[in-house]
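Just below is one structure, and these are the notes that go with it.
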Amino acid sequence: MASNSTKSFLADAGYGEQELDANSALMELDKGLRSGKLGEQCEAVVRFPRLFQKYPFPILINSAFLKLADVFRVGNNFLRLCVLKVTQQSEKHLEKILNVDEFVKRIFSVIHSNDPVARAITLRMLGSLASIIPERKNAHHSIRQSLDSHDNVEVEAAVFAAANFSAQSKDFAVGICNKISEMIQGLATPVDLKLKLIPILQHMHHDAILASSARQLLQQLVTSYPSTKMVIVSLHTFTLLAASSLVDTPKQIQLLLQYLKNDPRKAVKRLAIQDLKLLASKTPHTWSRENIQALCECALQTPYDSLKLGMLSVLSTLSGTIAIKHYFSTVPGNVSSPPRSSDLVKLAQECCYHNNRGIAAHGVRVLTNITVSCQEKDLLALEQDAVFGLESLLVLCSQDDSPGAQATLKIALNCMVKLAKGRPHLSQSVVETLLTQLHSAQDAARILMCHCLAAIAMQLPVLGDGMLGDLMELYKVIGRSATDKQQELLVSLATVIFVASQKALSVESKAVIKQQLESVSNGWTVYRIARQASRMGNHDMAKELYQSLLTQVASEHFYFWLNSLKEFSHAEQCLTGLQEENYSSALSCIAESLKFYHKGIASLTAASTPLNPLSFQCEFVKLRIDLLQAFSQLICTCNSLKTSPPPAIATTIAMTLGNDLQRCGRISNQMKQSMEEFRSLASRYGDLYQASFDADSATLRNVELQQQSCLLISHAIEALILDPESASFQEYGSTGTAHADSEYERRMMSVYNHFLFFPQHTACLCNAIIALLKVPLSFQRYFFQKLQSTSIKLALSPSPRNPAEPIAVQNNQQLALKVEGVVQHGSKPGLFRKIQSVCLNVSSTLQSKSGQDYKIPIDNMTNEMEQRVEPHNDYFSTQFLLNFAILGTHNITVESSVKDANGIVWKTGPRTTIFVKSLEDPYSQQIRLQQQQAQQPLQQQQQRNAYTRF
């Protein structure tokens, strides 16, 4: 029997085979907690974090933590330690504990134990709960008392708890500061304990007076205890306190520079460099020119490469911030300041060719950042130094495949991309250097160099057809083996080739790539190359590669996915045969393309699953289909002006109706319909943009370009039909002055600029359509790959047991609707954008009436409310007060959207619906019945009188 129960617990509590609801899962874990075996109890305890992750709502978390508190109260020390670890792992869920008093009461009862280990675990538990009980005086008192304990384990736990409470509570920080000061300065306190007490002072930043007193104490410690360990701990605490309080940051920078310059100990110098780098990344605006000058002098004078490397890393961090502009800016009235500015440049130039790769990389980064940031200065010599330094570093690191060399190479390649973007006239020489070095580099370095080439070529059209031959020769040489590096290199180099070939690939290029793929590549490599071809607009190559993969997948969904991609590539390939002024062939090309698109959307729908619905992909393709149909309809409308010109009496009709557009005949109405259709498509593209919160910037830009192409055509139609002065594209946001980040974007913008101001006749409309369609569509990363995943899960209360069952509410009362939500993330939360606040919109509609109609104020008939809440630890909750004065069934809809850090609103969903049945309150019902009963005898009497008269 015991073995059966054990098997059930292990199977069900792990949620591996079957999905349990929240209550069942909690009951299974509770069964394990009440088991008589210590192993099962411990296993049940450690499974709680997964339960919290799966069901992150307060009602379950509150019950679970109360059960854990009971285990903590009555269990042994090992169980208490397990509960402590679970609490520390589930720190973001602590705010959802509803019965905080009861929970803390059960935990706190152990503090009176005679076992110092139990007391120590309790103190650590209280310290872990500091975020929800920052002002509990009994906890404050216990921590102060335990600091005087004679047991080392208990004292260390008290130090941990004191640090956590000091970070959360101002009152505790003020009260404990003197106690900490006395213990640190006391002769009876061991040195090891002093080293653990000092870091508590970093949390004394709640007000200026407290921070000042902590700073004075740390200043005394640094001078009174000159030992290496004490100086290191004190200085680091000093830095963290300054970074938090923000007031004393310049003083701290000067103090660290003083120790870096004067203290002979290497460990202290390393600590000073580490803290300077922390302040450089957190508060670069507080660095003065004198601070940077002093750091440069130290770096020039030090004979140790390790220290020079650290100082240069601080300077390279500063060179990418506003501090570099402050350093090179001319101070009014100070004539001697500009000549000293050359020390930083001198240091960077010296280090560019250093035999230490790290020092050389930081020197090159400083030069690059100066060249890019200070564009108002004449920096021709610096530009050349930066380019030569990058070339030498590239030659040095590309021959070495060690991890250190690869890290240095990444820094150099990032600098190349930044230099090419900031100084476009240098991009050609940078690209030629990369192409030359590609032939002799190691495979690992080649992959990184290909990424760099693709990044530069996406920004600037620097890879010409002449360079394509070198790339193809290199593609023939690589791929001798099927190692992972070779596979990655095949993908990277193919991407560069796709970027370099501005138009479709030549037959020879396709043959070389396919031959290499057939010999050494696996199916995943082929798919990645096909995906890159779709992104770069090489749809003929992509179609062939997708076709070759169809028979290599084992899943039906994967087959339909690849088949849909093949059909989409084929559809886009049909549009490459478009020619200007040939409108009949344009119609046939669009019709052929639509045929393959319809096949593809059918396969794409079949490839979707409940877990992966492919909603963005389906909507994007549907919009493309509708856009092609709208283009086809517009070309037909323009052609109809030739095939079916307006009647002879059109001018008379126009004069009679007072509408000058009628002289064009029925084409005017068709044009208006087309204009509305394109505006509707633009609106739908805007909705798709707003729904794509997790998309990367390139995908969003692609959607935006599609939207603007719709607006361009609608603007051109409007300018033809209406008064040209009233038609303006500027309200939709012209992209003529924006910076293009890809070849696709550059070509689309050139079409916009060419056709934006010359919509004089219908031929121009047709030419604009053909020009737009001749730009190959780019299927961006989000179409294939979702790097960021963000979803919101809502819970409404009160909620019915059965979703179809309505909640009963009396019509003279208001319903308090509580909306709770949890923000769920994937493996890379906040990669592209983060949620700043959640917007909740609640609306109700009357589904069906019951009873008589009463005269009710308009305000009581509808509910339309909106609230913004900021999630904390990915949890938010708010309440709405709703009126249901009209008797009947009401439909309540709660819809959520999010606002990111830039203030942009995204319609992420979800949308939740519940039903409410408004019932008449008993008192009103009783009065109404009494009135009806009183009216019945009167009506009967009137009927008798009528019969009598009759």
Side-chain angles (χ1 to χ4, degrees), residues 320 372 410 413-414 416-422 424 427 451-461 492 495-496 498-499 528 531-537 614-617 619-621 623-624 682 684-711 732-752 775-791 823 825-837 897-908:
V372 173
K410 284 183 181 179
L413 294 175
N414 283 330
M416 284 184 170
V417 175
K418 193 170 185 178
L419 194 64
K421 188 175 181 180
S427 57
H451 291 169
C452 178
L453 270 173
I456 295 174
M458 290 286 282
Q459 295 173 359
L460 301 162
S492 303
T495 305
V496 178
F498 293 146
V499 176
R528 290 177 65 193
R531 193 172 65 183
Q532 293 293 350
S534 295
R535 285 181 64 191
M536 304 305 167
L614 303 176
S615 52
F616 173 83
Q617 291 86 341
E619 185 61 26
F620 185 80
V621 172
L623 281 168
R624 181 65 174 174
R684 287 171 59 192
Y685 269 116
D687 293 340
L688 179 63
Y689 185 100
Q690 284 191 311
S692 307
F693 178 79
D694 293 320
D696 57 289
S697 57
T699 302
L700 292 176
R701 185 67 183 136
N702 191 6
V703 174
E704 192 178 8
L705 287 169
Q706 297 297 320
Q707 180 189 23
Q708 289 175 349
S709 65
C710 297
L711 293 174
Y732 306 121
S734 173
T735 59
T737 58
H739 176 71
D741 290 329
S742 66
E743 176 62 22
Y744 175 74
E745 187 174 344
R746 274 192 296 275
R747 294 175 69 175
M748 290 291 280
M749 285 166 58
S750 68
V751 175
Y752 296 165
V775 180
L777 181 67
S778 173
F779 291 93
Q780 289 293 336
R781 181 190 290 276
Y782 193 60
F783 195 88
F784 303 95
Q785 193 179 20
K786 196 174 183 179
L787 294 183
Q788 173 183 312
S789 177
T790 311
S791 62
V823 181
H825 301 284
S827 58
K828 298 177 180 177
L831 179 65
F832 300 122
R833 56 198 64 85
K834 296 179 181 179
I835 294 178
Q836 184 77 21
S837 61
S897 55
V898 301
K899 188 177 181 182
D900 65 9
N902 296 324
I904 302 173
V905 178
W906 303 83
K907 296 177 182 177
T908 55

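The two residues A420 and I456 make their nearest non-hydrogen contact at CB-CG2, 4.0 Å. Pairing each heavy atom of L700 with each of S692, the nearest pair is CD2-O, 3.7 Å. Counting all heavy atoms, side chain and backbone alike, K828 lies closest to Q788 at O-CG, 4.0 Å. Contact detail for K786 and S789: the closest heavy-atom pair is CE-CA, 4.4 Å. F498 and Q532 get closest at one heavy-atom pair: CD1-C, 4.0 Å. Across every non-hydrogen atom of S897 and V905, the tightest pair is OG-CG1, 4.1 Å.
With sequence neighbours excluded, no residue forms a ring pair (Phe, Tyr, Trp, His ring centres under 6.0 Å) with F784. Among residues two or more places apart in sequence or in another chain, the side chain to side chain contact (heavy atoms under 4.5 Å, CB included) test is passed with A682 by Q707, C710, L711. Every salt bridge (Lys or Arg N to Asp or Glu O under 4.0 Å) that R624 has, sequence neighbours left out, goes to E572. Judged as a side chain to side chain contact (heavy atoms under 4.5 Å, CB included), and not counting sequence neighbours, the contacts of D687 are S683, Q690, K907. When the salt bridge (Lys or Arg N to Asp or Glu O under 4.0 Å) test is applied to R833, no partner is found at least two apart in sequence or on another chain. Residues that satisfy the side chain to side chain contact (heavy atoms under 4.5 Å, CB included) test with S837, not counting sequence neighbours, are R868, E870, K899.
The CZ atom of R684 lies 5.5 Å from the CD atom of E619; values are rounded to the nearest 0.5 Å. Going from atom CZ of F620 over to atom CG of L614 covers 14.0 Å, rounded to the nearest 0.5 Å. For the atom pair Q706 CD and S778 OG, the distance stands at 9.0 Å (nearest 0.5 Å). Summarising the geometry, atom OG belonging to S697 is positioned 9.0 Å from atom CD belonging to Q780; distances are rounded to the nearest 0.5 Å.
For the 3.5 Å distance criterion, the side chains of T699 and D696 qualify, holding a donor opposite an acceptor. Counting only N and O atoms by type, the side chains of D694 and T790 include a donor and acceptor under 3.5 Å apart. With 3.5 Å as the limit, one finds a donor-acceptor pair spanning the side chains of H451 and S492.
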(message) Applying side chain to side chain contact (heavy atoms under 4.5 Å, CB included) to R531 and Q785, what does each step give before you reach the verdict?
(response) CA-CA 10 Å; R531 193 172 65 183; Q785 193 179 20; 4.3 Å; yes
(request) Please test M416 against L419 for side chain to side chain contact (heavy atoms under 4.5 Å, CB included), starting from the C-alpha separation and ending with a verdict. (result) CA-CA 5 Å; M416 284 184 170; L419 194 64; 5.7 Å; no
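The closest side-chain heavy-atom distance from K410 to L413 is not below 4.5 Å.
Between the side chain of D900 and the main chain of N902, a donor-acceptor pair closer than 3.5 Å is present.
F616 pairs in a ring-ring contact (aromatic ring centres under 6.0 Å, His included) with only one of the listed residues (F693, Y782, F779), which is Y782.
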